[in-house]
Amino acid sequence: MTPYRLAAYHDLDSYHGPLHARAVADTGRRYLAGLPLPPYQFFPSASFRTALVEEAGELAIAVRDPRELPADRRSAVWQRLCSDLDDWQRLDVAGQLAVATVLARLGFWITLAGLPLPGDISGNGLRLAQRHCVAQRLVAGDDRTVTGRLRRLLRAQVEDDDLPLPLRLAAAVGLVVEHARSDVSAAAMAHWQSMAQALVTHAPWGTYSDILLSAYWRGISFVPFHRGDHPQVREMLEISERLARAALRAAVPERRLLAAENLRLVLMTRARAAQARGRRGETEEYLRAAVRADPEDPVTQVALADFLVLVGHLRQARDHYRRAAELGAPCTGYARGQIDNCRADRLTSVPITP
């Protein structure tokens, strides 16, 4: 089922499948029309396109570079992407940022990491350089030099008074998350949390969307999480979820997918936070809600199945592993193996899938 469900990763146009695939199609259509690209939060892993190959069968797909796709198989927007890559040096920085964003959304990290950057690292150039750093880190693994440069670029975005406040807030939250997932520096996380809070507190009403504010609360919840303050984590995530649901209810059609994607991320974060507190009932509740929010995503199905194994509900777990295997990449092999293990009653404890 993978080629159809994830067709957007091969044509930048097919609007079906899980939320992240529909986000790719939406990005592609806006890119072709020359419109601003939506700030979707999900980006595929470095191994995602390889996982697609394993299930593609006879379908020719591009793995390392979109130009690998034969010309007679390219959609109009895919051809536009290939042409822009060929003309990279002649694009202005805004055009290069759009191409880099599309490459990142598709998981073409090797191509993105190899592109030359402009000399002027400001405004759009700052964001382009960040995309480039992320690609380099995903391709080459953690590197202190690249990580240091990414942090400096994010800091420059936070501190640039000429940039729109939403971009500065996103960078501040990004620095909280960056430190939480790498060096776990309490001082650094607290500093950037304080900067993010100041940007929110001092901004005029209406500066930030409910989606961005929801992401803000979810991001800064890493700070109390790492010091073991689970009640504060719960309080922050409750605000994040409330904002996420409000955004989804109020979303106009062109922003509904953004809101749906954000809600799924909040629900998965709430599941992990509940799991850390040992609240199994809440964990299952949030995981089931995440599956309802994105039923065609195999990763979400596997996360619920893994938890059901943990609590000993092997029959229910098998059903969700089977569904994940039917949905395909990137979980097919793992899900099929777990189905067999459930039948043999060989499973006792597994973590929730990140």
Side-chain angles (χ1 to χ4, degrees), residues 1-31 37-56 61-63 66 75 77-78 81 98 100-109 112 131 134-135 138 170 177 211-212 214-215 218-219 244 247-248 251 253-269 271-272 286-287 289-304 320 323-332 334-335 352-354:
M1 188 172 176
T2 294
Y4 172 79
R5 186 179 60 86
L6 299 180
Y9 286 93
H10 313 307
D11 63 19
L12 266 173
D13 187 56
S14 297
Y15 194 83
H16 47 245
L19 294 176
H20 64 81
R22 283 179 271 165
V24 169
D26 184 44
T27 299
R29 293 177 188 182
R30 294 177 187 239
Y31 167 66
L37 302 185
Y40 291 109
Q41 299 174 61
F42 173 84
F43 290 95
S45 68
S47 61
F48 181 76
R49 298 205 69 87
T50 301
L52 294 180
V53 173
E54 295 171 357
E55 300 187 27
I61 66 172
V63 180
S75 64
V77 62
W78 199 277
L81 177 62
T101 300
V102 174
L103 290 173
R105 196 73 63 204
L106 288 166
F108 284 117
W109 298 112
L112 177 51
R131 289 266 191 271
V134 170
L138 285 170
V177 175
I211 295 173
L212 179 54
S214 172
R218 181 167 59 89
L248 186 58
E254 59 267 26
R255 289 185 63 83
R256 185 168 181 80
L257 187 57
L258 273 170
E261 179 208 41
N262 180 66
L263 177 59
R264 178 205 174 266
L265 292 171
V266 173
L267 293 170
M268 292 297 288
T269 303
R272 287 191 285 272
Y286 288 122
L287 287 170
V291 167
R292 290 193 297 271
D294 196 6
E296 294 188 69
D297 178 39
V299 174
T300 313
Q301 297 281 351
V302 163
L304 175 57
H320 287 283
R323 180 57 177 155
E326 292 169 352
L327 290 170
C331 300
T332 310
Y334 174 77
I352 293 179
T353 305

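This structure is a prediction, so every number in the text was calculated from the model and none was measured.
Nearest heavy atom pair, residue Ala51 against residue Ala329, reads O-CB, 3.9 Å. Closest of all the heavy-atom pairs between Leu6 and Ala21 is CD2-CB, 4.0 Å. Looking at every heavy atom in both residues, Ala303 comes nearest to Leu287 through O-CD1, 3.9 Å. In terms of heavy-atom proximity, Ala8 sits nearest to Ser14 at CB-O, 3.4 Å. The two residues Val77 and Gly28 have their closest heavy-atom pair at CG2-O, 3.2 Å. Nearest heavy-atom pair across Ala260 and Leu19 is O-CD1, 3.7 Å.
How far CH2 of Trp78 is from NE2 of His10: 8.0 Å, rounded to the nearest 0.5 Å. The distance from the OG1 atom of Thr269 to the CZ atom of Arg264 is 9.0 Å, given to the nearest 0.5 Å. Rounding to the nearest 0.5 angstrom, the gap separating the CG atom in Leu257 from the CG atom in Leu248 is 10.0 Å. In this structure, the separation between CG on Leu106 and CG on Leu12 is 4.5 Å, given to the nearest 0.5 Å.
Within the structure, salt bridge (Lys or Arg N to Asp or Glu O under 4.0 Å) contacts touching residues 12-21 (residues at least two apart or in different chains) are Asp13-Arg29.
When the ring-ring contact (aromatic ring centres under 6.0 Å, His included) test is applied to Tyr9, the partners found at least two apart in sequence or on another chain are His20, Phe48. With sequence neighbours left out, Arg256 forms a salt bridge (Lys or Arg N to Asp or Glu O under 4.0 Å) with no residue at all. Here Ala290 pairs with Leu267, Met268, Thr300 under the side chain to side chain contact (heavy atoms under 4.5 Å, CB included) rule; sequence neighbours left out. For Arg131, the side chain to side chain donor-acceptor pair (under 3.5 Å) partners two or more places apart in sequence, or in a different chain, are Thr101. When the side chain to side chain donor-acceptor pair (under 3.5 Å) test is applied to Ser47, the partners found at least two apart in sequence or on another chain are Ser45. Residues passing the side chain to side chain donor-acceptor pair (under 3.5 Å) test with Glu261: none are found, sequence neighbours excluded. For Gln41, the side chain to side chain donor-acceptor pair (under 3.5 Å) partners at least two apart in sequence or on another chain are Arg218, Asn262. Applying the salt bridge (Lys or Arg N to Asp or Glu O under 4.0 Å) criterion to Arg30, with sequence neighbours excluded, gives Asp26. Shown here are the salt bridge (Lys or Arg N to Asp or Glu O under 4.0 Å) partners of Asp11, two or more places apart in sequence or in another chain: there are none. Scored by the salt bridge (Lys or Arg N to Asp or Glu O under 4.0 Å) test, Arg105 finds no partners at all (sequence neighbours excluded).
Checking side-chain atoms of Arg49 against main-chain N and O of Ala62 turns up a donor-acceptor pair under 3.5 Å.
Contact annotation: the side chain of Val102 approaches that of Thr27 to within less than 4.5 Å [non-hydrogen atoms, C-beta and beyond].
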side-chain contact (heavy atoms from CB on, under 4.5 Å) evaluation trace for Leu112 with Val134
CA-CA 9 Å; Leu112 177 51; Val134 170; over 6 Å; no

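Screening Arg323, Glu296, Glu326, His320 for a side-chain hydrogen bond (donor to acceptor under 3.5 Å, both in side chains) involving Gln301 leaves a single residue, His320.
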